[in-house]
Amino acid sequence: MIRRATAHPCPHSPTYEALLRAGRRVRPLQQVHARIVVAGHHRTRSFLTKLLTLILCSSSSASCSTAAYARTLFLSIPEPDTFLFNSLITAAAKYGRPADAIVHYRRMSAACLEPSNYTFTSVVKACADLSASQTGRVVHSRVISNGFDSDVFVQTALVVFYGKTGDLHHARKLFDRIPNRTVVAWNAMIAGYEQNGLAEEAVAIFQLMQVAGKEPDSATLVSLLSACSQLGALSLGQWVNDYLVNKGLELNVVLGTALINMYARCGHLEKARKIFNGLQERNVVAWTAMISGYGMHGHGHQAIKLFQQMKSSGLSPNDVTFVAVLSACAHAGLVSEGQEIFASMRQDYGLVPRVEHQVCVVDMLGRAGLLDEAMLFIREETRGLPGPEVLTAMLGACKMHKNFSLGVEVAEHLLAIEPGNPAHYVLLSNIFALAGRMDRVEKIRNVMIHRHLKKQIGYSLIEINQAAHVFRMGDTSHQQTMEIYKYLEELINKIKEAGYVPETSAALHELEEEEREFALRFHSEKLAVAFGLMNTSKNSLIRIVKNLRMCNDCHLAFNFISLVSGREIIVRDKHRFHHFKQGLCSCQNYW
DNA sequence: GTAGGGTTAG
């Protein structure tokens, strides 16, 4: 007699209990399998489904032999049903095999089995992890036609999917239509914005969540902290820190890393280190965040020291760690150390350098003035086919060391590859301006206008009493505009008396007419620093966040401003931190 | 049995 396949395993049978006892270890599971066969349950679909799920979730699920065993087991199961396929899809989506999840889903469809809300949550997650936007959209249409578009789990998975594929418009549309949003749904939307660089929108959703009275959990706070890191929003970041302390939330390694990153990127390096020291568990990501923090602040030796300590603690650096430590070497001028570390990447860890690593090395050699070595490195490492990122770093080095002929050569190469990137034109124009070739500057300006290429608009942000004030070049929108401009004018006169001579070459690359008018004097960071000096007490630090790099003139002016005002000023620009104190900058004018 | 989180270059 053939035993009828049942839908669910009987929860109290000895066989089922043996399965649970075996857990997620393959050998014991195989032994239970033998018992199932001996007991004549080998055609009982429920036991076999549970067994197969456990195998797929087992610690050695990635090994070939386990996969082969799982396949044989699958083929032995009579009349696969929806439940079996859901188990397969979920296991694959959850344990890092999203492509398998999609294959199972397709097989399921081919077998004419009805998908359920469980099927869709997992297969949508798989599409998200693969960034498979085409497949995901097809699945979405099936979600609708099968009537699961009002299931909050499916909806949340879809919000994640559209977020991961960068389609925030669709993500938001779906999110807005969820009637009873769970914390996870809110988190998905916040993370979606944050991961796509839309930190302000992420914060705005969090505020809506507060208004809706939904209590954030640690995942919410992690995404919120990342948004703070992007924005340089220190006071909100500190609020998050206070919040999680007051709520008694456990500082796990993920939350701790988000805090480290927030403090480091908001200019509070010591606080970042304190959090790091207090962590119970430290994994590669946490170490990397701390190393990266030191690098951004120009503390190359500290970064290397931490890198060594990490290795001594038994952890292996990953490719991101190498980017962080190489970048730290570049910013601190630690050339031979950086070269050694770059070599060890391949030799000791079998990691293949990616474009990011090449950029760090070119930047490192280039900043140090070793332009020939940098060119040689590019030729050897990229086999003569450097990507635009590597060439951009090289061009930056040419500008820094005023090597015009090489700069033009590199720029021509770069513009041939990426003719639509305005940043390249601005950089080349800067080089010509420094060389006094105003005819070429004018030419580039015309090309940009002709091709409708706009340079990115710079802004600087300063927080006073937990309120953010944003300034653009020549900004007149602020309430205190008159006072700020007057103060700035007096300040500039004062630093001139102290020896400041404006670096006018930096003004020549201004491309828009109205920008030219204000020239250097009203660059956004100068407005921000004037506003900051006016509105803060004598001994407090001034922190400014800028979205672009500081120009030479502002950098010079800030040195003098820190001297004449006796104030410490910390500026985060696009790439790193500058600590101005008593007339000197932590970057030693090397940035 | 279902959904969400941290680190990277110029």
Side-chain angles (χ1 to χ4, degrees), chain A residues 8 49-50 53 57 83 86-91 93-94 116-125 128 148 151-161 163-164 178 181-192 194-195 216-226 229 252-262 264-265 279 283-293 295-296 317-328 330-331 353-364 366-367 387-397 414 423-424 427 549 574-576:
Chain A
H8 296 278
T49 300
K50 185 71 191 165
T53 313
C57 301
F83 189 89
N86 283 351
S87 303
L88 292 176
I89 294 168
T90 307
K94 201 168 175 180
S116 72
N117 50 343
Y118 288 93
T119 320
F120 286 122
T121 42
S122 293
V123 78
V124 169
K125 174 181 158 52
F148 289 111
D151 180 283
V152 70
F153 284 86
V154 179
Q155 288 171 322
T156 305
L158 283 166
V159 169
V160 173
F161 163 74
K164 286 248 164 84
I178 305 178
R181 293 173 200 133
T182 61
V183 184
V184 180
W186 284 100
N187 293 352
M189 194 66 242
I190 294 171
E194 182 273 313
Q195 286 163 358
D217 66 6
S218 68
T220 321
L221 301 181
V222 166
S223 293
L224 190 57
L225 284 168
S226 295
S229 310
N252 62 27
V253 66
V254 177
L255 200 44
T257 303
L259 273 175
I260 291 168
N261 195 37
M262 184 278 291
R265 296 181 75 118
L279 281 185
N283 59 18
V284 184
V285 182
W287 283 91
T288 302
M290 195 63 237
I291 291 169
S292 160
M296 261 188 305
N318 64 19
D319 53 345
V320 182
T321 317
F322 276 100
V323 174
V325 72
L326 287 171
S327 161
H331 283 286
R354 289 182 295 123
V355 172
E356 289 90 331
H357 304 100
Q358 296 171 352
V359 167
C360 289
V361 175
V362 170
D363 188 39
M364 178 176 79
R367 279 169 198 274
E389 301 90 345
V390 174
L391 292 174
T392 307
M394 190 64 224
L395 188 57
L414 187 55
H424 302 332
L427 203 48
R549 301 203 65 181
K574 196 177 182 194
H575 297 141
R576 63 166 297 158

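Below, read A as the first sequence line, B as the second, and so on, with proteins coming before strands; counting in each chain starts at 1.
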Looking across every strand, which nucleic acid part, if any, lies under 4.0 Å from [X] by heavy atom: base, sugar-phosphate, or nothing?
X	value
A:K574	nothing
A:T321	nothing
A:K164	sugar-phosphate
A:Q358	nothing
A:S122	nothing
A:T90	nothing
A:R265	sugar-phosphate
A:T119	nothing

### With A:F120 via ring-ring contact (aromatic ring centres under 6.0 Å, His included) - residues at least two apart
A:F148
Out of [options], whichever nucleotide has its closest atom nearest the side chain of [X]:
X	options	result
A:A393	B:dA9, B:dG10, B:dA3	B:dG10
A:A191	B:dG6, B:dG10, B:dG5	B:dG5
A:V184	B:dA3, B:dG6, B:dT7	B:dA3

### Query
What distance separates A:K125 NZ from A:K164 NZ, expressed to the nearest 0.5 Å?
6.5 Å
### Query
Can you list every pair that meets salt bridge (charged side-chain N to carboxylate O under 4.0 Å, His left out) and has a residue in residues 317-327 of chain A, with sequence neighbours left out?
A:D319-A:R354
### Query
With distance as the sole criterion, do the side chain of A:N283 and the base of B:dG6 form a donor-acceptor contact below 3.5 Å?
yes
